[in-house]
Amino acid sequence: MKCRKCGGRAALELRRHNTAFCGPDFLDFFRHHVLEVVRRWRMFERDESVLVAVSGGKDSLALWDVLHGAGYRTTGLYIDLGIFEYSHASKARCEAFAAERGLDLRVVAVADEVGAAIPAVKDATRRPTCSACGLSKRYIMNRAALEGGFPVVATGHNLDDEAATLFGSTLRWDESALARQTPVLAATHPRLARRVKPLFRMSERETAAYAFLQGIDYIVEECPFSRGATSIAHKELLNRLEDTSPGSKAMFLQGFLEKALQRFQEPEAVVLVECVRCGQTTTGEVCAFCKLRDQVKRGARPARGAVSLPDAPEPSDSSDPPTARGLISDLHAASEIHAP
């Protein structure tokens, strides 16, 4: 198979685009599409500083790499969830990425903000782990942006993430979630930063290929608490559809954005005010994060033993180069990318 652009040997076939590229031309293709999304959706301007939320995974690090390479002023934000070896390894990837490129990385630990690491929050509050994690990350991202003077936060949500979220919201007919299913969440209050998703048109496979070909060392393992999540089941269903009909995920998401999104975006009667404790936005007197912090404080037990994580996956050897790890896990076939 030949590269569509240069005619040389192709490294990657993109079935949904009915094309193939060699390694260098695919990297150009990926960068062009991400930057075109930024331009078309007016996510941020050249003179704006961008806070990039990074997790140590392929998506967020690939996004940071593209934006930095394009000359945008970027700073990374890593939120340490305190999930044992998983968080240790993911933080190390982010620190190494930033150090290699001379970029600024800010680290915020959930335990310092809420009073316990994510594994202990469920014990202390009886709140689902993923719910507490999501709430904490949204709060910390917004606060870090405001305190650092960043008008916009960029996250690494890709096409697979967005299509699966849309699928789940549609199954539940969650109108509130559907109204927020957009690549750009505007700042509707002076205490809110704009949130954008520049990778929303790039598939997980394409992002993995970019990270591999660009030599980005990223953590391969998924969060141990994501095992059995409904969103994973939704992704698997959509993957089966994509295998049968390439381009289905993109058509599903793009069709919603073009034809249905506005139907759910009626002006809301909700009035946002500032939390009396922390000053962040809320619809009541005290925000959800401050309430979570109270629950953790009440539920904490001084003599509690270490929280265990049953069946957690064994971490990979962090000394392995990116070419030796991750590709097969992400692309499911060694032949997906051919040697140049």
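Basis for what follows: all heavy atoms, side chains included, without hydrogens, waters or symmetry-related copies.
Of all heavy-atom pairs between V50 and A154, the closest is CG1-CB, 3.8 Å. Heavy-atom minimum distance, G156 versus D59: O-CB, 3.2 Å. Nearest approach of V121 to A132, heavy atoms of both residues: CG1-CB, 3.5 Å. The heavy-atom pair separating N158 from M202 by the smallest distance is CB-O, 3.2 Å. For the residue pair K235 and A164, the shortest heavy atom distance occurs at CG-CB, 3.6 Å. Across all non-hydrogen atoms, the minimal contact from A116 to V110 is O-CG1, 3.7 Å.
Atom CD of E147 sits in a crowded spot, with more than 12 heavy atoms from other residues, nucleotides or ligands closer than 6.0 Å. Other residues, nucleotides and ligands place more than 12 heavy atoms under 6.0 Å from the CZ atom of R46. Counting heavy-atom neighbours within 6.0 Å of N18 CG, excluding the residue itself, gives a total of 12 or less. The local environment of NZ in K122 is sparse, with at most 12 non-hydrogen atoms from other residues, nucleotides or ligands closer than 6.0 Å. Applying the 6.0 Å contact sphere to CZ of R293 captures more than 12 heavy atoms from other residues, nucleotides or ligands.
Residues forming a side chain to side chain contact (heavy atoms under 4.5 Å, CB included) with C6 (at least two apart in sequence, or on another chain): C3, C22, D25. Residues satisfying the side chain to side chain contact (heavy atoms under 4.5 Å, CB included) criterion with S248, sequence neighbours excluded, are L241, E242, S245, M251. By the side chain to side chain donor-acceptor pair (under 3.5 Å) test, R31 pairs with D28, Y210, Q214, sequence neighbours left out. Here A177 pairs with S169, D174, R180 under the side chain to side chain contact (heavy atoms under 4.5 Å, CB included) rule; sequence neighbours left out. Qualifying side chain to side chain donor-acceptor pair (under 3.5 Å) partners for S203, counting only residues two or more places apart in sequence or in other chains: E206. With sequence neighbours excluded, the residues that form a ring pair (Phe, Tyr, Trp, His ring centres under 6.0 Å) with H234 are F167. In this structure, the side chain to side chain donor-acceptor pair (under 3.5 Å) partners of R194, at least two apart in sequence or on a different chain, are E48. Annotation: side chain to side chain donor-acceptor pair (under 3.5 Å) contacts of R39 (sequence neighbours excluded): E36.
Counting heavy atoms from C-beta outward, L199 and D161 have side chains that stay 4.5 Å or more apart. Looking at heavy atoms from C-beta onward, R205 lies in side-chain contact with L14 at the 4.5 angstrom threshold. L77 is not listed as a side-chain neighbour of F150, based on a closest heavy-atom distance of 4.5 Å or more. Side-chain contact check for V54 versus R93: every heavy-atom pair is 4.5 Å or farther apart. Between P119 and F225, some side-chain heavy-atom pair lies under the 4.5 Å cut-off. Side-chain contact between F29 and T19 is absent, with no heavy atoms from C-beta onward closer than 4.5 Å. Taking the side chain as every heavy atom from C-beta outward, T282 and V273 approach each other to under 4.5 Å. Side-chain atoms of L178 and L166, non-hydrogen and from C-beta on, do get closer than 4.5 Å to each other.
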Next on the checklist: Run the side chain to side chain contact (heavy atoms under 4.5 Å, CB included) test on K249 and N239 for me, step by step, so that the C-alpha distance in whole Å, both residues' side-chain angles and the decisive distance to 0.1 Å come before the verdict.
Outcome noted: CA-CA 8 Å; K249 295 176 189 176; N239 283 340; 2.4 Å; yes

Checklist entry - Hey, mind stepping through F212 and L12 against side chain to side chain contact (heavy atoms under 4.5 Å, CB included) and telling me if it holds? => result CA-CA 12 Å; F212 171 76; L12 187 71; over 6 Å; no

Next on the checklist: Before you tell me yes or no, could you show the steps for H88 and F84 under ring-ring contact (aromatic ring centres under 6.0 Å, His included), namely the whole-Å CA-CA distance, both residues' side-chain angles and the distance that decides it to 0.1 Å?
Outcome noted: CA-CA 6 Å; H88 177 77; F84 313 117; over 10 Å; no

Next on the checklist: Run the side chain to side chain contact (heavy atoms under 4.5 Å, CB included) test on E222 and I232 for me, step by step, so that the C-alpha distance in whole Å, both residues' side-chain angles and the decisive distance to 0.1 Å come before the verdict.
Outcome noted: CA-CA 11 Å; E222 297 289 342; I232 302 298; 5.8 Å; no

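The hydrophobic cluster around V286 extends to V276, counting ILVMFWY residues whose side-chain heavy atoms fall within less than 4.5 Å of a member.
One hydrophobic cluster, built from ILVMFWY side chains closer than 4.5 Å, holds both V107 and Y218. In terms of hydrophobic clustering, with Ile, Leu, Val, Met, Phe, Trp and Tyr side chains grouped at heavy-atom distances under 4.5 Å, V38 and L159 are assigned to a common cluster. When hydrophobic clusters are built by joining Ile, Leu, Val, Met, Phe, Trp and Tyr residues whose side-chain heavy atoms come closer than 4.5 Å, directly or via intermediates, W41 is grouped together with L35. Cluster annotation: Y72 and L63 are assigned to the same hydrophobic cluster (Ile/Leu/Val/Met/Phe/Trp/Tyr, side-chain heavy-atom contacts under 4.5 Å, transitive). Note: the hydrophobic cluster containing L185 does not contain V37 (ILVMFWY, side chain heavy atoms under 4.5 Å, direct or indirect links).
Figure legend: R106 and Y78 shown without cation-pi pairing, the cationic atom not lying both under 6.0 angstrom from the six-membered ring centre and within 45 degrees of its axis.
In this structure, the separation between OG1 on T207 and NE2 on H157 is 12.5 Å, given to the nearest 0.5 Å. S90 OG to L61 CG: the interatomic distance, rounded to the nearest 0.5 Å, is 9.5 Å. To the nearest 0.5 Å, atom OG1 of residue T75 and atom CG of residue L105 are 9.0 Å apart. With rounding to the nearest 0.5 Å, the separation of OG in S55 from CG in D80 is 12.5 Å. From I79, atom CD1 reaches atom OG of S136 across 8.5 Å, with rounding to the nearest 0.5 Å. Rounding to the nearest 0.5 Å gives a distance of 11.0 Å between CH2 of W64 and CD1 of I216.
For the pair E204 and K58, the salt-bridge criterion is met [side-chain N within less than 4.0 Å of a carboxylate O]. A salt bridge does not link R73 to D47: none of the charged side-chain nitrogens sits closer than 4.0 Å to a carboxylate oxygen.
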Please tabulate, for the side chains in residues 96-103, all donor-acceptor contacts under 3.5 angstrom to protein atoms that are two or more places apart in sequence or on a different chain.
unit_1: R101; atom_1: NE; unit_2: D65; atom_2: OD1; d: 3.3
unit_1: R101; atom_1: NH1; unit_2: F97; atom_2: O; d: 3.2

Which atom pairs, one a donor and one an acceptor, fall under 3.5 Å between side chains of residues 138-145 and the rest of the protein, sequence neighbours left out?
unit_1: R138; atom_1: NH1; unit_2: G134; atom_2: O; d: 3.4
unit_1: N142; atom_1: OD1; unit_2: A193; atom_2: N; d: 2.8
unit_1: N142; atom_1: ND2; unit_2: R191; atom_2: O; d: 2.9
unit_1: N142; atom_1: ND2; unit_2: Q280; atom_2: OE1; d: 2.8
unit_1: R143; atom_1: NH1; unit_2: E113; atom_2: OE1; d: 2.9
unit_1: R143; atom_1: NH2; unit_2: E113; atom_2: OE1; d: 2.6
unit_1: R143; atom_1: NH2; unit_2: E113; atom_2: OE2; d: 3.2

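Evaluation of the ring-ring contact (aromatic ring centres under 6.0 Å, His included) test over residues 236-266, restricted to residues two or more places apart or in two chains, returns none.
Judged purely by atom type and a 3.5 angstrom limit, Q265 uses its side chain to pair as donor or acceptor with the backbone of A179. Judged by distance alone, with hydrogens and angles left aside, the side-chain atoms of Q181 form a donor-acceptor pair with the main-chain N or O of E162 at under 3.5 Å.
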